[in-house]
Amino acid sequence: MRFRANNIAVCSDIEKAFLNVRLHPDERKFTKFLWLTDVNNIDSPLKVYQFKSVLFGAVCSPFILNAVIKTHLDNNCDINTANQMKDNIYVDNVIDGVYSEADTVKYYSESTSLMNSCGFNLRAWSSNSPDLCELATRDNKYEPADEVSVL
């Protein structure tokens, strides 16, 4: 609801968010799984693998992702956009708002730079701001839509 209190709505998505959160090598042993060496032969021997990143779909994954993002934003609390984003991220979606076109350009550049600095790529931008749409289109991160679903 907070983003609706602003003049300009800003929405984005963190690309492959869960895959960008790496597991410590000591913790990977808890994410083992079995795979057939020959997927066309059900009797082929099994091979043991383990994930190197947070599993999409595990019960704890949204919590881990949220903790990583919040920690990164807390570590950059000197940037106003980081403080604003902290309260406006739901799992891997940024749902925020700003008051002016100038704020929109600043928000786009600061949030993109901030999230890139920890390996996250903000993509699928949408907004009612022509300036943001132009910037995101230039960077090939714009997602044109007549309607945007917000969780």
Side-chain angles (χ1 to χ4, degrees), residues 1-3 6 8-98 103-127 129 132-145 147-151:
M1 296 289 288
R2 277 188 297 274
F3 88 101
N6 297 292
I8 300 171
V10 176
C11 297
S12 184
D13 176 73
I14 302 172
E15 182 178 25
K16 299 177 184 174
F18 295 99
L19 292 175
N20 287 314
V21 179
R22 299 284 181 211
L23 295 173
H24 188 277
D26 293 342
E27 307 301 323
R28 294 175 185 171
K29 62 187 172 196
F30 301 110
T31 65
K32 291 181 179 176
F33 63 98
L34 303 174
W35 198 262
L36 290 172
T37 53
D38 179 2
V39 292
N40 295 319
N41 179 4
I42 194 129
D43 295 322
S44 67
L46 295 173
K47 176 105 172 139
V48 178
Y49 289 98
Q50 56 190 11
F51 284 95
K52 291 182 177 182
S53 59
V54 171
L55 290 76
F56 177 78
V59 173
C60 62
S61 295
F63 171 80
I64 295 169
L65 176 63
N66 185 271
V68 168
I69 292 170
K70 294 285 187 190
T71 300
H72 178 65
L73 295 175
D74 285 340
N75 290 339
N76 290 280
C77 63
D78 55 321
I79 302 170
N80 287 337
T81 302
N83 293 320
Q84 188 175 345
M85 288 178 73
K86 272 194 284 193
D87 296 328
N88 297 298
I89 293 181
Y90 181 77
V91 187
D92 63 346
N93 295 296
V94 178
I95 305 163
D96 212 340
V98 294
D103 291 339
T104 306
V105 172
K106 181 180 176 187
Y107 186 92
Y108 176 81
S109 62
E110 283 187 358
S111 63
T112 300
S113 175
L114 181 64
M115 297 307 279
N116 280 342
S117 71
C118 69
F120 291 117
N121 179 38
L122 290 178
R123 65 173 185 95
W125 286 88
S126 56
S127 177
S129 162
L132 186 137
C133 295
E134 183 180 322
L135 282 171
T137 300
R138 181 196 69 202
D139 295 341
N140 200 25
K141 295 182 177 190
Y142 179 61
E143 187 168 286
E147 285 185 9
V148 176
S149 297
V150 176
L151 300 171

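Distance CG/N66 to CG/L73: 9.5 Å, rounded to 0.5 Å. To the nearest 0.5 Å, atom OG of residue S12 and atom CE of residue M85 are 7.5 Å apart. Atoms CG and CZ, on L135 and R138 in that order, are 5.0 Å from each other to the nearest 0.5 Å. For the atom pair CZ (R123) and CD (E15), the distance works out to 5.5 Å, reported to the nearest 0.5 Å. Within the model, atoms SG of C11 and CH2 of W125 stand 9.5 Å from one another, a figure rounded to the nearest 0.5 Å. A distance of 6.0 Å separates NE2 of H72 from CE of M115, quoted to the nearest 0.5 Å.
Summarising the local packing, CG of L46 is surrounded by more than 12 heavy atoms from other residues, nucleotides or ligands at distances under 6.0 Å. Applying the 6.0 Å contact sphere to CZ of F33 captures more than 12 heavy atoms from other residues, nucleotides or ligands. Counted within 6.0 Å of CD on Q50, heavy atoms from surrounding residues, nucleotides or ligands total more than 12; the atom is thus considered enclosed. Remark: N140 CG is loosely packed, at most 12 non-hydrogen atoms of other residues, nucleotides or ligands lying under 6.0 Å away.
The closest donor-acceptor contact from the side chain of S127 to the backbone of A9 lies under 3.5 Å. Side chain of S61 to backbone of V54: no donor-acceptor contact under 3.5 angstrom is found. With D38 contributing its side chain and S44 its backbone, the two residues share no donor-acceptor pair below 3.5 Å. Formation of a donor-acceptor pair under 3.5 Å by the S109 side chain with backbone atoms of V105 is found in this model.
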- Task: Give the intermediate values and the outcome of side-chain contact (heavy atoms from CB on, under 4.5 Å) for residues V91 and F18.
- Result: CA-CA 10 Å; V91 187; F18 295 99; 3.8 Å; yes
- Task: Check the pair V98 / N6 against side-chain contact (heavy atoms from CB on, under 4.5 Å), numbers first and verdict last.
- Result: CA-CA 5 Å; V98 294; N6 297 292; 5.6 Å; no
- Message: Applying side-chain contact (heavy atoms from CB on, under 4.5 Å) to V21 and V68, what does each step give before you reach the verdict?
- Response: CA-CA 8 Å; V21 179; V68 168; 3.8 Å; yes
- Taking it one step at a time, do L122 and I14 satisfy side-chain contact (heavy atoms from CB on, under 4.5 Å)? CA-CA 5 Å; L122 290 178; I14 302 172; 3.7 Å; yes
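A donor atom on one side chain and an acceptor atom on the other are not found under 3.5 Å apart for K16 and N121.
The shortest distance between side-chain heavy atoms of I69 and F120 falls below 4.5 Å. For the pair D92 and L65, the minimum side-chain heavy-atom distance is below 4.5 Å. Contact of the N41 side chain with the D43 side chain is registered, since non-hydrogen atoms from C-beta on lie closer than 4.5 Å.
For the residue pair S111 and Y107, the shortest heavy atom distance occurs at OG-O, 2.7 Å. Counting all heavy atoms, side chain and backbone alike, Y142 lies closest to C133 at CE1-SG, 3.3 Å. The minimum heavy-atom distance linking F51 with R28 is given by the pair O-CG, 3.3 Å. Scanning all heavy atoms of the two residues, the minimum distance from L114 to I79 falls at CD1-CD1, 4.0 Å. Between T31 and L55, the shortest heavy-atom contact is CG2-CD1, 3.6 Å. Contact between S53 and L23 at its shortest, heavy atoms only, is O-CD1, 3.4 Å.
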